[in-house]
Amino acid sequence: MRILSGSEAERIEADRASFAALRETEFSRLEEEGHAYLDYTGSGLHAHCQMERYRELIEHALIGNPHSHNPASVYATELIERTRARVLEFFSADPASYTVIFTANASAAIKLVGESFPFRADSVYALLEDNHNSVNGLVEYAKRVGATIAHLPLDAELRLDPATRLPEPGAGPSLFAFPAQSNFSGVRHPLALVDRARSAGYRVLLDAAAFAPTSRLDLSKVKADFVCLSFYKMFGFPTGVGALIARHEALAELERPWFAGGTVDFVSVQLGRHQLRRGAEAFEDGTPNFLGIGGVVPGLEFLDQVGVDAIGRWVRYLTARLLDGLRALRHADGSPMVSLYGPDSVVDRGGTVAFNLLRPNGEVIEFEAIEREAGDRRIHLRGGCFCNPGAAEIAFGFPADRTGDCLDRLGPGEFSVERFGRCLGPGYAAGALRASLGVASNEEDVDRLLAFLAEFAARQ
């Protein structure tokens, strides 16, 4: 375990006191119900003050469908525009350069880019092997027109291999996509990739869903063309509202494959013509979630009140404690109880830790049983591959030939992680456990998890 300097210890002590007070006032339900919530990469938790501010908004305002001119509609339109401006402010995005498109979630934001990006046969879609399936899925749009697909490999720590060079973009419009923080391993990929890729001629899609809850993303410095996020990941509420933050010139290059209510100036059925609106409204299909959007500003205010930098510092400290504790877990014969995936330090990584428990002989203990028992004890973990198959395949060392054979055997309706694991056979993990830390986490949560894991592994 790393020894803290005097100034570091003083800072941690101050953070411990301030976050303990925050947990007591804003997240008291955790203590009241005995929960150790360790699934922040799955979803953040809403604070009490957020809900109070939101309740005041919806109790005392008349808010209607924004696609009209009556007072309730006008109020909704103004609320949406105020929220759009506040999101830009939070991410230091100049309105002269960026706009905000409200979506159902980060996946919907990514899909907006993929279905509208003007891929051609001479385009390149480059992406890291470490990506959420929502980003992996854009491969299908690129493949339809014969574009080149280029996956950039990871090293043993699940980082982008430093020897890897970006492929040359094609003569046609080309797209590069990567996560600012891996939802599988917690790795923080270099944000300098944005400028490098844009300078090479790519448009850049940055997945900020796992990064934004504990880190400040400054779009005046990190000038991605498209940024996707989900607000519930950042502060728990509202669900069903995400955003695509897009540079104006990049948005203008997209070619929408359809239109819907709210996205057009006019449609003529008899003439077979339509005209899309300009900017964000051309991409917000149907009626926006105007009541949900009303919950965004209280969440941003909460993060500003606590301080994203302070949250990041506290999560970094807790992550180091968790990593140290996992490495220290040993069976009676001295063999390790845990296999970690990704970095085993907090250098360039966030508070997401993927791991498996091991038997004394080194065999992986099936994660499903651990996840179930942890849940029974109100310890909230996540199990599986976390919708990130590229990182999982490298972390677990899946052999391509055996993987392909098992996938061929498990047809539609037959696939499950458990069946896939049985097909691969002993020696391969088919999934993992993931613990992730956030604003309301504390040392007791970490220690409670470690004690449970040690007890469980010792029984095997």
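Numbers here are sequence positions counted from 1. Source: prediction; values computed, not measured.
The existence of a salt bridge linking R377 and E455 is confirmed by a sub-4.0 Å separation between a basic side-chain nitrogen and an acidic carboxylate oxygen. With salt bridges taken as basic N to acidic carboxylate O contacts below 4.0 Å, none links D445 and R321. A salt bridge does not link D218 to K223: none of the charged nitrogens lies less than 4.0 Å from a carboxylate oxygen. Taking a cutoff of 4.0 Å between a charged side-chain nitrogen and a carboxylate oxygen, R188 and D348 do not qualify as a salt bridge. A salt bridge is defined here as a Lys NZ or Arg NE, NH1 or NH2 lying under 4.0 Å from an Asp or Glu carboxylate O, and K111 with E115 meets this definition. R29 has no carboxylate O lying under 4.0 Å from a charged side-chain N of E32, or vice versa, which leaves the two without a salt bridge. Salt bridge status for E366 with R422: absent, with no side-chain N to carboxylate O gap under 4.0 Å. In summary, R144 and E140 do not engage in a salt bridge, as defined by a charged side-chain N under 4.0 Å from a carboxylate O.
Checking side-chain atoms of N356 against main-chain N and O of G431 turns up a donor-acceptor pair under 3.5 Å. Panel note: side chain S230, backbone Y232; no donor-acceptor pair is recorded below 3.5 Å. Although no hydrogens or angles enter the test, the distance criterion places a donor-acceptor pair under 3.5 Å between the side chain of R349 and the main chain of T352.
Contacts of V145 classified as side chain to side chain contact (heavy atoms under 4.5 Å, CB included), with partners at least two apart in sequence or in another chain: F119, A147.
Put simply, the side chain of R198 reaches to within 4.5 Å of the side chain of R203, judged on heavy atoms.
Geometrically, R409 does not engage F415 in a cation-pi contact, judged by NZ or CZ lying under 6.0 Å from the ring centre and within 45° of the ring axis.
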* Asked: Are S182 and D130 close enough, and set up right, to give a side-chain hydrogen bond (donor to acceptor under 3.5 Å, both in side chains), and what steps lead you there?
  -> CA-CA 7 Å; S182 172; D130 179 12; 3.0 Å; yes
* **S123 and S174: CA distance, side-chain angles, deciding distance, side-chain hydrogen bond (donor to acceptor under 3.5 Å, both in side chains) verdict** => CA-CA 5 Å; S123 297; S174 296; 4.9 Å; no
* To do: Verify side-chain hydrogen bond (donor to acceptor under 3.5 Å, both in side chains) between H132 and D207, making sure each step is shown before the conclusion.
  => CA-CA 9 Å; H132 191 276; D207 177 0; 5.8 Å; no
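Separation of the F420 and F398 ring centroids falls under the 6.0 Å cut-off. In this structure, the ring of F235 has its center no less than 6.0 angstrom from the ring center of F237. Taking the ring centroids of Y341 and F396, they lie under the 6.0 Å cut-off. Residues F184 and F386 place their aromatic rings such that the two centres sit under 6.0 Å apart.
Among all heavy-atom pairs drawn from R378 and H380, the shortest one is O-CD2, 3.4 Å. The shortest heavy-atom contact between P288 and I80 is CG-CD1, 3.7 Å.
Each salt bridge (Lys or Arg N to Asp or Glu O under 4.0 Å) pair with one or both residues in residues 230-244, not counting sequence neighbours, would appear here, but there are none.
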